[in-house]
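Notes to accompany the following structure.
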Amino acid sequence: MVKNLKYLFLISALIVVSMAESANPDSLIRTANNAYNHGLYDSALAVYNQVAKQGFESGELYYNMGNAYYKNDDIPSAILYYEKAAKLMPNDKDVEYNLNILNSMIVDKIDKVPELFYERWWRFFYNVMGANAWAVVSLVFISLVVIFIGLFVISKTRKHRQLTFFVGVVLIVFAVASFTLASDKYNDNIDHREAIVFTPSITVKSSPTPNAVDLFVVHDGTKVEITDRIDEWVEIKIQNGSVGWLPADAVREI
């Protein structure tokens with residue numbers, strides 16, 4: 001009886017706080033976390049989703065939503081929100097671990113196209129920081145390049161001129177690389193779209209029509225890249241490079 005009264009109190013508190021503090025994401029998140037800690041996953045998700053609908057974005061919020069959906073045995077939704085969290089916290093070990101666990105539970109086991117060594121290096125640095133941080137780094141390197149150009153001009157000895165020239169060239173390389181990383185990160189945030197399949201099993205088509213040739217089958221929880229959209233269809237690419245078309249309502253964008 002006491003346990004039921006506690007749950008009833010928590011549910012009532014959720015409703016009251018959600019109505020009274022709907023403009024305060026921090027308060028709502030604390031309320032949802034409290035519900036989650038007491039095993040009230042549906043109530044927690046109701047409040048988490050209310051926060052998300054306000055336009056509030058946070059890696060921690062999406063991570064908590066992924067946890068709550070996982071506790072509710074909704075694997076596709078859990079993967080979706082862990083992926084959202086990974087975009088905002090690309091190096092978070094807990095997010096990475098949970099995604100690996102859930103991806104081992106879904107039907108589709110798709111091998112990635114092998115990356116060359118320099119692609120792996122580029123991907124590593126790409127994930128270290130966001131677009132704004134890389135832009136700041138590139139500005140720092142550009143400033144250093146200007147300084148070393150000045151030092152090169154005023155150097156009196158051949159040794160000093162060689163040293164400042166060499167350091168300047170290295171700094172130019174770093175400036176170009178960091179600017180390119182910032183540009184790639186920014187463009188990916190705008191143009192690069194990924195999604196999670198939410199239909200239990202669906203056939204990918206060769207063109208955006210129901211009568212098109214069947215290509216392959218994907219299942220719920222699988223991550224795809226959206227490469228095009230025509231009316232109510234999206235062109236998707238899976239990790240092994242295969243491409244085809246799905247109804248847009250079969251996927252949810254990350």
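Along the sequence shown, residues are numbered consecutively beginning with 1.
Proximity of a side-chain donor or acceptor of T164 to a complementary backbone N or O of H160 within less than 3.5 Å is detected. Side-chain atoms of W134 do not come within 3.5 Å of backbone N or O of S183 as any donor-acceptor pair. A donor-acceptor contact shorter than 3.5 Å links the side chain of R161 to the backbone of F152. In this structure, N24 contributes its side chain and D26 its backbone to a donor-acceptor pair below 3.5 Å.
A 4.5 Å side-chain heavy-atom check between R252 and I196 finds every atom pair outside the cut-off. Side chains of I29 and S27 form no contact here, defined as non-hydrogen atoms less than 4.5 Å apart. Within the 4.5 Å cutoff, side-chain heavy atoms of L171 are placed close to those of F148. The side-chain heavy atoms of W233 and P210, taken from C-beta on, include a pair separated by under 4.5 Å. S138 has its side chain out of reach of F174: every pair of non-hydrogen atoms, C-beta onward, lies at least 4.5 Å apart. Looking only at side-chain heavy atoms (C-beta outward), L45 and N72 come within less than 4.5 Å of each other. Looking at I79 and L99, their side chains come closer than 4.5 Å, going by heavy atoms from C-beta outward. The closest side-chain heavy-atom distance from P247 to T199 is not below 4.5 Å.
Side-chain contact of N98 with Y82: a donor-acceptor pair under 3.5 Å is present, judged by distance alone. Residues T222 and H219 bring no donor and acceptor atom of their side chains to less than 3.5 Å of each other. Looking at N211 and T209, their side chains never bring a donor and an acceptor atom within 3.5 Å of each other. A side-chain donor from one of Y48 and N33 sits under 3.5 Å from a side-chain acceptor of the other.
With sequence neighbours left out, D214 forms a salt bridge (Lys or Arg N to Asp or Glu O under 4.0 Å) with K205.
Within 6.0 Å of CG on N49 lie more than 12 heavy atoms contributed by other residues, nucleotides or ligands. Within 6.0 Å of the CZ atom in F216, the count of heavy atoms belonging to other residues, nucleotides or ligands exceeds 12. Around NZ of K109, the count of heavy atoms belonging to other residues, nucleotides or ligands within 6.0 Å exceeds 12. Within a 6.0 Å sphere centred on CZ of F165, heavy atoms belonging to other residues, nucleotides or ligands number 12 at most. Atom CZ of F56 has more than 12 heavy atoms from other residues, nucleotides or ligands within 6.0 Å. Annotation: Y41, atom OH; neighbour count of heavy atoms from other residues, nucleotides and ligands within 6.0 Å is above 12. Atom CG of D231 sits in a sparse spot, with 12 or fewer heavy atoms from other residues, nucleotides or ligands closer than 6.0 Å.
In terms of heavy atoms, I202 sits closest to A250 at CD1-CB, 3.7 Å. Here the closest non-hydrogen pair linking Y126 and K185 is O-NZ, 3.0 Å. Here the closest non-hydrogen pair linking P25 and V51 is CB-CG1, 4.0 Å. Shortest non-hydrogen contact noted between V251 and A195 is CB-CB, 3.9 Å. Here the closest heavy-atom approach between residue G244 and residue V204 is recorded as CA-CG1, 3.3 Å. In terms of heavy-atom proximity, L80 sits nearest to E253 at CD1-O, 3.6 Å.
Connection of M105 to V107 is not established within any shared hydrophobic cluster, with ILVMFWY side chains joined at heavy-atom distances below 4.5 Å, either directly or through further cluster members. Linking ILVMFWY side-chain heavy atoms closer than 4.5 Å, directly or via other members, places I75 and I254 in a single hydrophobic cluster. V217 and I106 fall into different hydrophobic clusters, defined by Ile, Leu, Val, Met, Phe, Trp and Tyr side-chain heavy atoms under 4.5 Å apart, directly or through other members. In the hydrophobic clustering of ILVMFWY residues, with side-chain heavy atoms under 4.5 Å counting as a link, L163 and V145 come out together.
Here M65 contributes atom CE and S77 contributes atom OG; the two are 8.5 Å apart, rounded to the nearest 0.5 Å. In this structure, the separation between NZ on K156 and CD1 on I154 is 8.0 Å, given to the nearest 0.5 Å.
Ion pairing between E83 and K223 holds under the 4.0 Å rule for side-chain N and carboxylate O.
Between Y81 and Y63, the ring center distance fails the sub-6.0 Å criterion.
Across K87, K84, M89, a single residue satisfies side chain to side chain contact (heavy atoms under 4.5 Å, CB included) together with V95, and that is M89.
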